Amino acid sequence: MLVIANRNPESGNSCVAEIRESGGTAIFVPTDVRHGAQIEALVKKTVATFERLDYAFNNAGILGAFKPTASLTEEEYDEIMDTNVKGVWLCMKYQIRQMLRQRKGVIINNSSINGLVPLQNVPIYTTSKHALVGLTKNAAIEYATRGIRINCVCPGPFHTAMLESSAEYYADGDVSSGLNKFGNATALRRLGKPEELAHLVLWLCTEEAAFVIGQTFVMDGGMTLSRP
C-alpha cells in the first residue's frame, strides 16, 4: 500500500496507475513539500486511508539554475533550499510525529553523491544535498531508541529526467552525449537503473537492516572512487 505525493498530478496519477496495474494498492495526494500544512495533510490522509505510516522515502528535489556561486540570486537559492532541505525537514517532522505514536517506523532520505562531492555550477544543489546527510544523522540519533530508523541514500548517475537536464547542460545541448559521459564516469561504465536504487531503499525498510542507523549509502557505480 503506497501513497505517492508530489506537485505534478500527471506524473503522480501515472505512477499510481502503474502500481495498480501491477496488482498493488496506491493513492495520489497532490503535495508541495515547501508548505508544512500540505505535508501535515498528506500524513493525515495516509493514516486515514491505511491506518499507519510505516515507511517514508523523502525524494523531493530540484537542481535549480546551472550557475557558479556568485551568479546565483537569492530567489534561486531559496527555491532550491526550500524544496531540497526545508521540504525534507517538513516531511520528517510530520512523519516522525506519526511514527512516535506507533512507536515504530523507517525514514529514508534521498540525497546525492553531490552530498559528498561537488559538481561544477550547481553550488546550492550541492549544499542542499550535504545538508540532507547532516539532517539524517542528527535525526537518527534523536529517535533511534524510540523505534524510528532514519538513513540516507546518495545515488550517482541514474537515468532520470533530472539527469537528462544535467546531461544537456554539461554536453552543450547534446543529451545523449551527456548521458554517455555520466555513464562512462562510473567504474561500471554505465548509468544506474532506478530499480537498482529501489532495491536498496526497500532493503533499508526491512528487519534485515534493523541495526542500521544514521548511515549514508552511496550507490554510484563507483563514480566517486576516482573523484577527489
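Just so you know, these numbers use all the heavy atoms, side chains as well, and skip hydrogens, waters and symmetry mates. For clarity, every value in this text was computed on a predicted model and none was experimentally measured.
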**Q** Tyr170: which residues meet the side-chain hydrogen bond (donor to acceptor under 3.5 Å, both in side chains) condition with it, sequence neighbours left out?
**A**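 side-chain hydrogen bond (donor to acceptor under 3.5 Å, both in side chains) check on Tyr170 returns nothing, list empty.
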**Q** What residues, two or more places apart in sequence or in another chain, satisfy side-chain hydrogen bond (donor to acceptor under 3.5 Å, both in side chains) together with Ser111?
**A**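 None.
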**Q** Looking at CD of Gln95 and CG of Leu42, how far apart are the two atoms once the value is rounded to the nearest 0.5 Å?
**A**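 It comes to 8.0 Å.
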**Q** Do Ile62 and Tyr125 pass the side-chain contact (heavy atoms from CB on, under 4.5 Å) test, and can you show the C-alpha distance, the side-chain angles, and the key distance before you say yes or no?
**A** CA-CA 8 Å; Ile62 60 172; Tyr125 176 79; over 6 Å; no
**Q** For the side chain of Gln215 and the backbone of Ile213, is there at least one donor-acceptor N/O pair under 3.5 Å apart?
**A**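 Confirmed, Gln215 side chain pairs with Ile213 backbone.
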**Q** I need the Thr69 OG1 to Ile124 CD1 distance, nearest 0.5 Å.
**A**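 If I round to the nearest 0.5 Å, the distance is 6.0 Å.
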**Q** Hey, can you pull the donor-acceptor pairs under 3.5 Å for the side chains in residues 179-189, sequence neighbours left out?
**A**
residue, atom, partner, partner atom, Å
Asn180, ND2, Ser176, O, 3.3
Asn184, ND2, Asn180, O, 3.1
Thr186, OG1, Gly183, O, 2.8
Thr186, OG1, Leu188, N, 3.4
Thr186, OG1, Arg189, N, 2.9
Thr186, OG1, Arg190, N, 3.2
Thr186, OG1, Arg190, O, 3.2
Arg189, NH1, Thr186, O, 2.5

**Q** If you measure from CE on Met219 to CD on Glu196, what distance do you get to the nearest 0.5 Å?
**A**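 Interatomic distance, Met219 CE to Glu196 CD, rounded to 0.5 Å: 6.5 Å.
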**Q** Grab the two heavy atoms, one from Val175 and one from Glu168, that are nearest each other, plus how far apart they are.
**A**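 Val175 and Glu168 have their closest heavy atoms at CG2-CB, 3.7 Å.
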**Q** Residues in side-chain hydrogen bond (donor to acceptor under 3.5 Å, both in side chains) with Arg101, at least two apart?
**A**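 Here the qualifying residues are Gln98.
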**Q** How long is the gap from CD1 on Ile107 to CG on Asp54, to the nearest 0.5 Å?
**A**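 The distance works out to 11.5 Å.
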**Q** What's the verdict on side-chain contact (heavy atoms from CB on, under 4.5 Å) for Ile39 and Thr31, showing C-alpha distance, side-chain angles and the deciding distance?
**A** CA-CA 7 Å; Ile39 299 298; Thr31 307; 3.7 Å; yes
**Q** If you look at every heavy atom in Met162 and Leu63, which pair is closest and at what distance?
**A**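 Smallest heavy-atom distance, with atoms named: CG-CD1, 3.5 Å.
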**Q** Going by the rule side chain to side chain contact (heavy atoms under 4.5 Å, CB included), which residues pair with Tyr169 if we only count those two or more places apart in sequence or in a different chain?
**A**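 Residues passing side chain to side chain contact (heavy atoms under 4.5 Å, CB included) with Tyr169: Phe66, Asn121.
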**Q** Compare all side-chain heavy atoms of Thr224 with those of Leu116 and state whether any distance is below 4.5 angstrom.
**A**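 Sidechains of Leu116 and Thr224: no contact.
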**Q** Find the distance between CZ (Arg149) and CZ (Phe211) and round it off to the nearest 0.5 Å.
**A**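 Rounded to the nearest 0.5 Å, the CZ-CZ separation comes to 11.5 Å.
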**Q** If every non-hydrogen atom of Asn6 is compared with every non-hydrogen atom of Ser11, which pair is closest and at what distance?
**A**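 Shortest heavy-atom separation between Asn6 and Ser11 comes out as ND2-OG, 3.3 Å.
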**Q** Sequence neighbours excluded, which residues qualify as side-chain hydrogen bond (donor to acceptor under 3.5 Å, both in side chains) partners of Glu207?
**A**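 Checked Glu207 against side-chain hydrogen bond (donor to acceptor under 3.5 Å, both in side chains); zero matches.
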**Q** Please check: side-chain N/O of Asn109 versus main-chain N/O of Val133, any donor-acceptor pairing under 3.5 Å?
**A**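 A pair under 3.5 Å: no.
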**Q** In terms of heavy-atom contacts, does CD of Glu18 have more than 12 from other residues, nucleotides or ligands at under 6.0 Å?
**A**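 Open.
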**Q** Give a yes or no on whether Lys44 atom NZ has more than 12 heavy-atom contacts from other residues, nucleotides or ligands under 6.0 Å away.
**A**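 No, NZ of Lys44 has 12 or fewer neighbouring heavy atoms, counting only those of other groups under 6.0 Å.
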**Q** Let me see the working for Ile19 and Ile4 under side-chain contact (heavy atoms from CB on, under 4.5 Å), right down to the final yes or no.
**A** CA-CA 10 Å; Ile19 293 168; Ile4 307 300; 4.0 Å; yes
**Q** Quick one: pull up CG in Leu191 and NZ in Lys193 and give me the separation to the nearest 0.5 Å.
**A**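 NZ of Lys193 is found 10.5 Å from CG of Leu191.
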**Q** Can you check side-chain contact (heavy atoms from CB on, under 4.5 Å) on Ile148 and Leu100, steps first, answer last?
**A** CA-CA 8 Å; Ile148 303 174; Leu100 287 173; 3.8 Å; yes
